[in-house]
Amino acid sequence: MSELRARWSKAGLLVGYSALALAVVAARRAPAASYELSLYDATPTVTWLALGVALVAGAAVALTRDRTRYLHVVALALVGAVAIAVYAMPVIRGYAFYGAGDSLSHVGWAREIAGDTLEPTALLYPGIHTLTVIVARVADVPLALGNLYVVLVAVPLVFLLFVPATLRLLVDRPGAPAVGLLAAATFAPINNIAVHPIAHPASQTILLFAFVLYLAVAYVAGVFGGRSYFGTKRSLGGGILLALAGSALVFLHPQQALNAVAFLGGMTALQLGARRWRPAHPIAATRSLLPHTVLVLAVFFLWAPRFDRVRGAVVVTFEGLLGGSATGAAVVSSKSTSLTSVGGSLLEVFLKLFGAATVLSLLAAIVFLVAIRRHRRRPLVLLLAAGLVPVTGVFLVVFAASMGDMYFRYHGFLMVPVTVVGAVGLVTIWDRLARVGGERAGIAIALAALLVLAPSGLVALHASPYVYQPTQHVTAAQLDGHGGAFEHRAPTVEFAGIRGGPARYVDYHYGTEQAREELAFPGYESGIPPSVFAAGNYTDALGERYLVTTEASHRQEVELYDGFRYGERGFETLERTPGVDRVRANDGFRLYYVDGGEAS
């Protein structure tokens with residue numbers, strides 16, 4: 001019987017890997033020719049169907065407990081490859097760049113580092129920028145593509161590797177890595193509000209925290225000391241690795257490093273409390289995280305306070321708490337109003353963006369409650385619960401302060417350990433179902449649950465009209481159009497654009513530090529007021545000006561937002577308004593010149 005199952009497993013994996021290859025080839029042979037409002041709609045249907053087949057095949061084999069270790073590893077690799085294929089689809093589809101906002105500015109900083117005009121130490125968080133330069137040089141690719149390799153391939157790969165690795169430390173079950181990997185494939189920390197799958201150092205640091213979390217749990221459990229669980233044998237190498245990884249977070253994003261300090265501090269506090277009041281408790285025998293917590297905190301205070309931005313953020317937080325200004329609830333209410341105006345609802349978007357995260361959170365809450373009741377049996381889970389306490393406290397403080405949607409960053413950070421503990425809950429449920437209905441019943445139900453959970457997260461991973469957001473696609477036409485316009489502009493004429501000026505493209509083209517500190521680019525952040533755009537009275541309201549529109553802005557405003565601010569009539573009016581001339585254009589970019597002299 002075991003030989004027959006092995007044959008079926010091999011056949012399933014053959015089908016799965018063939019489907020994966022078909023999906024990648026089909027996507028690669030359909031490169032993005034112009035701006036795509038939805039990555040999901042623009043990618044060939046056969047790609048998504050084939051990825052679905054590959055996911056089912058890999059998960060089915062990985063969740064089968066009586067298979068060889070070799071087949072298990074190959075099946076896990078297949079599931080991970082499917083998740084990475086979805087995450088990195090912009091790379092596979094040949095996007096010129098992915099990330100229409102902050103990401104362009106981050107490449108601008110990387111450009112300055114690569115050109116030796118900016119020292120990495122002059123940046124608050126130089127980690128992603130420096131990695132971009134290194135990868136671009138090693139792979140001999142443009143900086144924009146090097147950035148995509150870091151952000152869309154390397155970082156999510158770390159998350160997919162270390163979530164199941166951490167789960168394996170908490171649950172000693174054959175199917176635990178598969179459950180952990182499928183839970184990780186939801187990418188629950190990505191909420192597309194304040195945590196994104198684009199170049200955004202806070203987002204990348206949150207995903208990379210999975211590595212630090214694994215090291216912390218492994219160190220506490222004595223894995224580096226040669227023990228499978230709590231042991232007294234010391235491991236200098238494991239402790240140093242944890243210290244280095246934790247300290248590295250400071251250079252990736254100090255705010256998230258401080259969250260990591262709070263998390264490690266919560267674990268440390270429980271350890272110290274157990275040693276003080278419950279010396280016989282298993283937690284009292286765990287290796288102390290106090291040295292690592294203190295070290296990472298020391299690195300933070302040596303690095304971050306040098307920058308005015310950090311001191312300013314502290315002041316803003318306290319002013320928001322004491323001044324009684326708009327809270328997180330008010331921000332949510334405002335966004336709900338805007339969402340309703342374009343045909344959506346807050347509940348609908350919440351379920352799409354946070355459905356998988358909510359399920360994992362509920363499972364984690366149940367596991368934490370059980371661990372508290374049976375505190376001697378699940379000491380590692382209790383330590384994770386203790387780590388969540390201070391970070392949750394900071395989340396509540398930020399929610400109460402006037403800091404926009406910043407609290408969603410804390411939600412993203414919290415979802416890293418919650419994903420791990422939620423997967424513990426899934427394994428526990430699987431075990432109980434298997435005892436009641438047999439092993440096959442347990443596998444079938446676990447497979448069905450996970451094959452709903454993982455796709456529900458992957459389908460909302462990238463911004464799209466599905467969640468009432470435009471994709472972050474940046475075309476070569478947009479980059480070249482802006483670059484050409486900047487090179488051949490009249491130096492004193494200001495620019496203006498839809499919803500804002502060309503600031504991000506200026507950063508990308510000239511270098512972010514130069515653009516912000518030295519260039520004084522005319523119209524850097526200047527937008528066309530919606531009322532002016534609708535009425536077409538550019539010369540009266542704006543005077544002499546360059547007006548920029550792109551295929552991306554047109555499709556976003558007209559198709560996605562249904563002309564909520566900038567309607568189709570305004571775009572048509574540009575073509576026939578006296579005194580407005582189109583002076584530069586390509587397939588995705590148009591530059592108009594408004595002759596202010598005619599108005600006078």
Side-chain angles (χ1 to χ4, degrees), residues 1-13 15-17 54-83 159-186 188 210 214 217-218 221 223 228-229 356 359-360 362-364 366-367 370-371 377-378 380-381 384 417-458:
M1 180 63 76
S2 59
E3 183 178 349
L4 179 61
R5 288 179 179 175
R7 289 180 180 178
W8 276 109
S9 295
K10 290 177 181 178
L13 290 175
V15 171
Y17 274 99
L55 181 64
V56 172
V61 176
L63 289 171
T64 304
R65 291 183 174 178
D66 57 347
R67 72 276 175 273
T68 64
R69 179 175 176 80
Y70 169 76
L71 290 176
H72 181 58
V73 172
V74 173
L76 289 176
L78 178 57
V79 173
V82 170
F159 183 76
L160 290 172
L161 284 172
F162 288 100
V163 166
T166 306
L167 177 63
R168 191 68 177 85
L169 296 174
L170 300 177
V171 180
D172 188 16
R173 298 286 189 279
V179 174
L181 181 57
L182 286 164
T186 65
Y214 167 77
V217 175
V223 171
S228 61
Y229 212 56
V359 172
L360 289 169
L362 291 173
L363 289 170
I366 294 171
V367 172
V370 172
R377 297 179 60 182
R378 290 285 179 86
L380 291 179
V381 173
L384 293 183
V418 166
T419 298
V420 175
V421 181
V424 172
L426 288 169
V427 174
T428 303
I429 293 173
W430 176 10
D431 283 342
R432 294 192 177 184
L433 291 173
R435 286 197 294 269
V436 173
E439 184 61 31
R440 291 186 179 180
I443 292 175
I445 295 174
L447 182 63
L450 289 164
L451 288 180
V452 170
L453 199 62
S456 70
L458 291 173

_Contacts of type ring-ring contact (aromatic ring centres under 6.0 Å, His included), residue Phe159, not counting sequence neighbours_ =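 ring-ring contact (aromatic ring centres under 6.0 Å, His included) check on Phe159 returns Phe187.
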Are any non-hydrogen side-chain atoms of [X] and [Y] less than 4.5 angstrom apart?
| X | Y | value |
| --- | --- | --- |
| Val179 | Arg173 | no |
| His72 | Pro177 | yes |
| Arg432 | Arg435 | yes |

Contact summary for [X] and [Y], nearest pair of heavy atoms:
| X | Y | value |
| --- | --- | --- |
| Ala371 | Val381 | CB-CG1, 3.8 Å |
| Leu76 | Ala178 | CD2-CA, 3.5 Å |
| Val82 | Ala54 | CG2-CB, 3.6 Å |
| Val163 | Ala210 | CG2-CB, 4.3 Å |
| Leu453 | Thr186 | O-CG2, 3.4 Å |
| Leu181 | Leu160 | CD1-O, 3.5 Å |

_Assess the residue pair Leu450 and Leu63 against the criterion (side-chain contact (heavy atoms from CB on, under 4.5 Å)); give the C-alpha distance rounded to whole Å, side-chain angles, the decisive distance to 0.1 Å, and a yes or no._
CA-CA 10 Å; Leu450 289 164; Leu63 289 171; 4.2 Å; yes
*Spatial distance of atom CD1 (Ile366) from atom OG1 (Thr428) [nearest 0.5 Å]*: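 The distance works out to 10.0 Å.
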*First locate atom CG of Leu71, then atom CH2 of Trp8, and finally report the distance between them rounded to the nearest 0.5 Å.*
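It is 15.0 Å, given to the nearest 0.5 Å.
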_If you apply the rule side-chain contact (heavy atoms from CB on, under 4.5 Å), what do you find for Leu384 with Leu170, and how did you get there?_
CA-CA 10 Å; Leu384 293 183; Leu170 300 177; 3.7 Å; yes
*Quick one: which residue pairs count as a side chain to side chain donor-acceptor pair (under 3.5 Å) with a foot in residues 162-171, not counting sequence neighbours?*
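As it turns out, the side chain to side chain donor-acceptor pair (under 3.5 Å) pairs with a partner in residues 162-171, which skip direct neighbours, are Arg168-Asp172.
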_Leu182 and Leu426: CA distance, side-chain angles, deciding distance, side-chain contact (heavy atoms from CB on, under 4.5 Å) verdict_ = CA-CA 11 Å; Leu182 286 164; Leu426 288 169; over 6 Å; no
*asked:* Test side-chain contact (heavy atoms from CB on, under 4.5 Å) on Tyr214 and Val420; report intermediate values, then the result.
replied: CA-CA 10 Å; Tyr214 167 77; Val420 175; over 6 Å; no
